[in-house]
Amino acid sequence: MKYLFLSITIGLVACQSSVKDEIHLISGEAQGSTYHIKYISKTKEDLKPAIDSILQVIDKSMSTYKTDSDISKINAGDKNVVVDEHFRKVFEASQQIWQESEGLFDPTVGVLVNAWGFGKQKITEDKLPTDERIAELKKYVGFNKVHLTADNHIEKESPEILFDFNAIAQGYTSDVVAAFLSSKGIENYIVEIAGEMYLKGRNIIENKAWTIGVENPIKPLDDRELVATIQFTNQGLATSGNYRKVWTDSNGRKYVHSINPITGRATQSDVLSATVVAPSTMFADGYATMFMVMGLEKSKDFLEKHPNMAVLLVYSNEQNEELTFKTKAFEKLIIQ
């Protein structure tokens, strides 16, 4: 019996040692867009069902497009909703960025998002909000007008206040999926959800760092052009831009989804896109949106006070020329 046990043990060790790391790919639909995950592992376990379940849980918490989600119920005036950990983390991160941006990043901008036709209901040109209407709606915007209680209830100064976490939730979701992969012992992966991504480790199959190309947001999808190629790890990346979500009226005026909560208007700043690399994709996502609203000069002032932030801004000058601004931290990520 001893020899039989020994032979079985040797056979198991030999079988395990023959298992090699492989690249695994998972993709699907998420949060009104798509997701793509690449990871390196010896495991043969199908992780897609668990990942899809995570995405459904986050949608149930913060999707404004699902009428039975927590955020939709809160927006509809339900005061009995007990929000989950996902909602709390995004709320607290939003509050921090709102404070740092002096109100230019504000997820209570929902009433303005709807008024300018970027919510569930699209609007026609004759329904554009007037100056008077904008002034009225601004009464229901402001993160200082909402409160998350210790027992996870949301208190609003006015029932008309509407939350919209779309500028930060996709980045947060990338972080959650990344944490799930790490919990499974996976150390090398790329998680991308709706363009926001988290990278960990490296491509050990090809023995090189993960490499990401940052696309020129002005170019059409069939004529893609890179403005930078970068390498980083154990960090998140997010890009925000108004090049997709925009509509134009009969006079040629453009209206963009990056709405300024201070002015209440959906006018484009001189920043055309913002790419941020940060320790978490959630914060990268929130800051990228913030820079879109801030505009170039205010963004530069902010970055002078935060010299360690890795940021790439694509902007237009008075001659309508397309230019780029990179922080020193971002330049260090660029490969030749």
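Along the sequence shown, the residues carry numbers beginning at 1.
A search for ring-ring contact (aromatic ring centres under 6.0 Å, His included) contacts involving His153 returns nothing, not counting sequence neighbours. For Lys208, the salt bridge (Lys or Arg N to Asp or Glu O under 4.0 Å) partners at least two apart in sequence or on another chain are Glu206. Shown here are the side chain to side chain donor-acceptor pair (under 3.5 Å) partners of Glu160, two or more places apart in sequence or in another chain: Ser158. The side chain to side chain donor-acceptor pair (under 3.5 Å) check on Ser316 picks up nothing, with sequence neighbours excluded. Annotation: side chain to side chain donor-acceptor pair (under 3.5 Å) contacts of Glu304 (sequence neighbours excluded): none. For Lys139, the salt bridge (Lys or Arg N to Asp or Glu O under 4.0 Å) partners at least two apart in sequence or on another chain are Glu136. Shown here are the side chain to side chain donor-acceptor pair (under 3.5 Å) partners of Thr211, two or more places apart in sequence or in another chain: Gln231.
Evaluation of the ring-ring contact (aromatic ring centres under 6.0 Å, His included) test over residues 25-56, restricted to residues two or more places apart or in two chains, returns His24-Tyr39. Residue pairs meeting the ring-ring contact (aromatic ring centres under 6.0 Å, His included) criterion with at least one partner in residues 165-205, sequence neighbours excluded, are His86-Tyr172, Phe87-Phe165, Phe163-Phe165. Pairs passing the salt bridge (Lys or Arg N to Asp or Glu O under 4.0 Å) check and including a residue from residues 174-191, sequence neighbours excluded, read Glu45-Lys184, Glu187-Lys200. Among residue pairs with one or both ends in residues 76-90, those qualifying as salt bridge (Lys or Arg N to Asp or Glu O under 4.0 Å) are Glu85-Lys89, Arg88-Glu92; sequence neighbours excluded. Applying the salt bridge (Lys or Arg N to Asp or Glu O under 4.0 Å) test to every pair with at least one member in residues 275-302, sequence neighbours left out, gives no pairs at all.
Phe330 and Phe232 have their aromatic ring centers separated by at least 6.0 angstrom.
Between Pro261 and Gly103, the shortest heavy-atom distance links the atoms CG-O, 3.0 Å.
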